[in-house]
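First comes the structure, then the notes that go with it.
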Amino acid sequence: MTNPVIILGIESSCDDTSAAVLADGILLSNVTASQSVHQKYGGVVPELASRAHQQNIIPVVDAAIQQAGISKTDISATAFTLGPGLLGSLLVGTSFAKSFATALNIPIIEVNHLQAHVLAHFIAEKDSDFNPPKFPFLCLLVSGGNSQIILAKNYNDFEVAGQTIDDAAGEAFDKCAKIMNLPYPGGPLVDKLAKEGNAEAFKFAKPNIAGYDYSFSGLKTSFLYFLRGKTAENPDFIEQNKADLCASLQKTIIDILMNKLILAAKNLNINQIAVAGGVSANSGLRNVFVECGAKFGWQTFIPKFSFTTDNAAMVAISGHFKYINGDFGDISKPPFARTMI
Ligand code: KG4
């Protein structure tokens with residue numbers, strides 16, 4: 001009997017330190033330490049994120065190995081996020097992963113964070129249904145740092161069909177939430193409050209951008225000016241209308257996201273449609289996504305909640321496919337902050 005392929009995945013691109021262990025493509029553990037230190041600043045502070053990764057990385061990796069019930073000498077390769085992300089944060093994860101692999105004399109595997117979000121759909125768990133999309137499929141990748149429509153042609157072949165030219169969808173949620181004095185990250189709170197509100201109460205600007213690209217900075221400005229005007233007349237306007245504001249804002253963001261996805265699916269003639277990234281946790285987006293599936297004859301794929309936000313399981317599964325292909329990394333390659341796929 002051959003030994004299983006055991007991949008240790010490490011994710012540290014933003015403010016989550018995460019490690020996961022995968023054996024022959026089946027998830028054995030996925031441990032994440034999130035950083036609450038940023039809350040009082042209303043956004044991620046890069047220097048504080050790096051310091052917290054430094055504190056978290058060893059206990060998180062140790063816990064992932066223990067929970068998986070393996071020994072570190074069982075690990076076949078270490079996969080890690082090389083980018084894109086915050087450089088200081090990436091330096092912690094990449095340096096740790098390279099040192100760990102060197103000490104164990106095993107290969108390293110570089111993973112692109114955005115591709116990992118798309119491949120999160122292929123994470124298999126013991127005793128759970130496994131129903132991944134078939135290639136080619138479209139993936140709406142929406143997070144705090146990215147908004148893209150990705151055409152996944154194979155495990156290692158991705159094309160960006162469209163992407164934001166300014167803010168990401170998550171940023172639109174978070175920045176508008178901040179204007180309403182909601183704590184960071186505002187996305188989940190807007191989602192919660194929107195459930196009680198009327199989505200037709202207010203109308204905000206939608207961009208007019210060619211092709212499949214997105215823009216969210218105009219919406220943020222329109223939201224800000226609208227509330228400036230209203231609070232000048234009535235200082236309690238936000239408090240009195242919070243649920244309706246959240247519902248209307250959420251509807252606008254979902255409309256913007258879905259209109260381009262519908263267009264891309266139609267023009268590219270693809271009916272396998274997936275969603276990924278932190279904003280895909282949004283309940284309104286999930287509902288509309290499923291409705292569109294029924295309306296347009298799509299087969300839709302929504303990842304489990306724990307695989308939508310940043311996590312190392314998606315890095316480990318990306319590493320698994322690269323391991324099978326013999327696609328190993330180069331220890332001298334530095335992390336990168338920005339990239340296209
Ligand atoms: O993918 P992710 O965990 O991390 C990065 O982008 O680094 O995404 C985080 C983003 C934040 O902007 C957060 O507000 C948003 O995802 N988010 C949500 C929800 N849950 C997380 N936005 C709207 N509704 C949600 N339920």
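Small disclaimer: the values here were computed from a predicted structure and weren't measured. In listed order, ligands and their atoms are each counted from 1. Throughout, numbering of the chain's residues begins at 1 and tracks the sequence. Just so you know, these numbers use all the heavy atoms, side chains as well, and skip hydrogens, waters and symmetry mates.
- When each of Q55, H53, Q54 is paired with T17, the side-chain hydrogen bond (donor to acceptor under 3.5 Å, both in side chains) condition holds for H53 and for no other.
- Close contacts between ligand 1 and T309 involve ligand atoms 3 (O) [criterion: under 4.0 Å to a heavy atom].
- Counting heavy atoms under 4.0 Å from ligand 1, residue D174 touches it through the side chain alone.
- Every atom of ligand 1 is numbered from 1 in the order shown, and the set under 4.0 Å from a heavy atom of G145 is 6 (O).
- In V279, the parts holding a heavy atom less than 4.0 Å from any atom of ligand 1 are both the side chain and the backbone.
- Contact of the Q163 side chain with the I149 side chain is not registered, since no non-hydrogen atoms from C-beta on lie closer than 4.5 Å.
- The shortest side-chain heavy-atom distance between L91 and S50 does not fall under the 4.5 Å cut-off.
- In the hydrophobic cluster analysis, where Ile, Leu, Val, Met, Phe, Trp and Tyr join through side-chain heavy atoms closer than 4.5 angstrom, V190 is grouped together with I238.
- For D191, a nitrogen or oxygen atom sits less than 3.5 Å from a nitrogen or oxygen atom of ligand 1, counting backbone and side chain alike.
- Here the protein heavy atom with the shortest distance to atom 21 (C) of ligand 1 is G278 O, 3.4 Å.
- Of the options N282, N311, D310, the smallest heavy-atom separation from atom 4 (O) of ligand 1 is shown by D310.
- When each atom of ligand 1 is checked for a heavy atom of P185 under 4.0 Å away, the hits are 14 (O).
- For the residue pair H113 / D310, a side-chain donor-acceptor distance below 3.5 Å is found, with atom types taken as modelled.
- Between R51 and E47 there is a salt bridge, since at least one side-chain N of the basic residue sits less than 4.0 Å from a carboxylate O of the acidic one.
- Of the listed residues (G170, A177, G187, A172), the one carrying the non-hydrogen atom nearest atom 18 (C) of ligand 1 is G187.
- Close contacts between ligand 1 and A281 involve ligand atoms 20 (N), 26 (N) [criterion: under 4.0 Å to a heavy atom].
- Of the listed options C14, G144, G284, G144 places a heavy atom closest to atom 9 (C) of ligand 1.
- Ring-plane geometry between F122 and F137 is classed as tilted, the angle between the planes lying from 30 to 60 degrees on a 0 to 90 degree scale.
- Tested against F223, the residues F173, F204, F216 include a single ring-ring contact (aromatic ring centres under 6.0 Å, His included) partner, F204.
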